[in-house]
Amino acid sequence: MMSGRDQEPSHYYVGIDVGTGSVRAALVDQRGLLLAFAEQPIKKWEPQFNHHEQSSEDIWAACCLVTKEVVQGIDAHRIRGLGFDATCSLVVLDKEFHPLPVNHEGDSSRNVIMWLDHRAVSQVHRINETKHRVLQYVGGVMSVEMQAPKLLWLKENLREICWDKAGHFFDLPDFLSWKATGVTARSLCSLVCKWTYSAEKGWDDSFWKMIGLEDLIDDNYSKIGNLVLLPGASLGIGLTPEAARELGLPSGIAVAASLIDAHAGGLGVIGADVRGHGLTCERQPVTSRLAVICGTSSCHMGISKDPVFVPGVWGPYFSAMVPGFWLNEGGQSVTGKLIDHMVQGHPAFPELQAKATARCQSIYAYLNGHLDLIKKAQPVGFLTVDLHVWPDFHGNRSPLADLTLKGMVTGLTLSQDLDDLAILYLATVQAIAFGTRFIIETMEAAGHSLSTLFLCGGLSKNPLFVQMHADITGMPVVLSQEVESVLVGAAILGACASGDFTSVQPGLLHSLVFSFWKLLSPVKTVSITKQLILQTFCVDFILVNKWECFKKRKQHRFFFSFCK
Ligand SMILES: Nc1ncnc2c1ncn2[C@@H]1O[C@H](COP(=O)(O)OP(=O)(O)O)[C@@H](O)[C@H]1O
Ligand SMILES: O=C(CO)[C@H](O)[C@H](O)COP(=O)(O)O
């Protein structure tokens, strides 16, 4: 273990994070400081409603561009390791590793079914009807966003142009590590969380037979992975000369087995050193912390020493994020995407854009300022006394685990002005925070004991989003000093693979604060204290009432099925 953040940097690590909307890279030194950052948008296609596709070539090209940018001017010999994280989208390649189409149009450049794709509704329904034992480890109900239903959809819908020709099905994080090293080993993180693999028992043949995908068992599961490594393990002999040329990195540097993006974010924040901020979690085990990674979606990552079975919450997954710990992953399929959708779809959006541009502000900074203005002396929560949003516009991932649920807004008027847009935005943010509270309460009812939230991801840059999560959950929210914590998580993988660090976390599993994380993830802000909750008592009262309504979501589900 290396010591001290005062030590001169001698080693660098590159982290690459592939989100839904963009690829980001960072150069991180051995003190955990982020020295350079670059971002590049990636292409997305929605050829049909609920079909979402990407291109693995386009994603790789973006990885190359951002990596070259962050290592510019750096002594390449000091770069010791590379780590990837990515969304858990499904990449399809033929036997020669060329892209295959995942669409009826036969367009092979679109060879990725994105994680938020909901095309496989009938397939997931049939998978869930089997009640197979592997379902116990995904919260009791498999999500349409996981890989088994998508594979079944490909077999049933694109047999000739895709399924029969396929040689390799990768989770996107594993595709990236293969592309960098030529090694087809899969990360335990991807296989356990999205593919029904068990860290203890491996693949379950009976599951694949029962759902009609027995052909995947052939050749010892060679198409979906038969060599499984812990995240951070070094792959083969490192970066191939071809990938090194494309990325602008030295050939042969260590490349790590990857993580899903939410898990990299969790790894980047959950062990932060909180000493000196008066937080109760300072004296509590790391299992009292909930990492919430908020981007296009939000993922709620809680760990435990023993498996906890939480209905409607994914997991328990062993060693999928922090080695030796079980992971439960709650989630909301659209959060950042929902806020963008509500704001961009409002008639006053062009006016908002113009006003924000005139002030050189982001639309969200402008909206937050506007809410401050219109609330006058009142707490901001009063603005949504009559307006309520139901956030399940893309189904409910957790804890209801019901993809058929829909979104709803109540309390609409004929107003179309900027005030109206700002209030709708606030109600949406609140609804998302209520969703988080719903997940937390469900996890606690099943045995978790949580006291503190650790937020990261694009939405954690929005002070209103952070504050609402604190107010509505009643928990302190900790933000890491390094806002790009997901990238820090990816760089931790590279640091581990290089051999400079022995593990993604030190051996002392029960220590309150992990020293490795202390090194990599210092705390900047404790955004709310109990005192602040008291100051906003009136808001709290309204939020409590809203919460009572929100909890009645099961009735909402009934309403929808009744109308069908
Ligand atoms: N500074 C910011 N203020 C408010 N919202 C932000 C900010 N930066 C990003 N976001 C929101 O975060 C979401 C994207 O987060 P990000 O982590 O980049 O997503 P992904 O990893 O899914 O690509 C978007 O909905 C975007 O509007
Ligand atoms: O299911 C996931 C994690 O387990 C998805 O990868 C994640 O929700 C998508 O990430 P993001 O919202 O950051 O793009």
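Counting starts at 1 for both ligands and their atoms, in listed order. Since the model is a prediction, treat every value here as computed from it, not as a measurement.
Contact residues for ligand 2 (protein heavy atom closer than 4.0 angstrom to any ligand atom): Thr20, Thr87, Cys88, Trp115, Lys194, Ile260, Asp261, Ala262, His263, Thr296, Ser297, Cys299, Trp314, Glu329, Arg397.
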Can I get a per-line list of side-chain donor-acceptor pairs under 3.5 Å for residues 40-48, giving both atom names and the distance, sequence neighbours left out?
none

Can you list, pair by pair, the side-chain donor-acceptor contacts under 3.5 Å of residues 313-327, counting residues two or more places apart and other chains?
{"residue": "Tyr317", "atom": "OH", "partner": "Cys193", "partner atom": "O", "Å": "3.0"}
{"residue": "Ser319", "atom": "OG", "partner": "Gly324", "partner atom": "N", "Å": "2.9"}

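Looking only at distances, no side-chain donor or acceptor of Asp85 sits under 3.5 Å from a matching main-chain atom of Leu259. At distances below 3.5 Å, at least one donor-acceptor pair connects side-chain atoms of Glu444 with backbone N or O atoms of Leu450.
A tilted orientation is assigned to the rings of Phe84 and Trp60, their planes being inclined by 30° to 60°. Aromatic ring pairs are classed by plane angle as parallel below 30°, tilted from 30° to 60° and perpendicular above 60°; the pair His370 and Tyr366 is parallel. Under the 30°/60° scheme for interplanar angles, the aromatic rings of His394 and His52 are found to stand perpendicular. Between His168 and Phe170, the ring planes lie parallel to each other; the angle is under 30°, not in the 30° to 60° tilted range.
Scanning Gly458, Ser460, Ser22 for the heavy atom closest to atom 16 (P) of ligand 1 points to Gly458. Checking Asp340, Val343, Ile339 against atom 26 (C) of ligand 1, the nearest heavy atom belongs to Asp340.
Here the heavy atom of the protein found nearest to atom 5 (N) of ligand 1 is Tyr364 CD1, 3.7 Å. Of all protein heavy atoms, the one closest to atom 2 (C) of ligand 1 is Lys461 CB, 3.8 Å.
Using a 4.0 Å cut-off between a side-chain N of Lys or Arg and a carboxylate O of Asp or Glu, Asp204 and Arg133 qualify as a salt bridge.
Looking at ligand 1, you won't find any N or O of Gly19 less than 3.5 Å from one of its N or O atoms. Ligand 1 has a nitrogen or oxygen under 3.5 angstrom from a nitrogen or oxygen of Thr20. Note: an N/O pair closer than 3.5 Å links Gly336 and ligand 1 by distance alone.
Applying the side-chain hydrogen bond (donor to acceptor under 3.5 Å, both in side chains) criterion to Tyr137, with sequence neighbours excluded, gives no partner residue.
Both the backbone and the side chain of Thr296 come within 4.0 Å of ligand 1, judged by heavy-atom distances. Within the 4.0 Å heavy-atom criterion, the part of Arg24 lying near ligand 1 is the side chain and not the backbone.
Which parts of ligand 1 touch Leu459 is read off a 4.0 Å heavy-atom cut-off, strictly below it: atoms 11 (C), 12 (O).
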Margin query: Is there a salt bridge (Lys or Arg N to Asp or Glu O under 4.0 Å) between Arg24 and Glu484? Walk through the geometry before answering.
Written below: CA-CA 9 Å; Arg24 282 81 59 157; Glu484 300 298 341; 5.4 Å; no

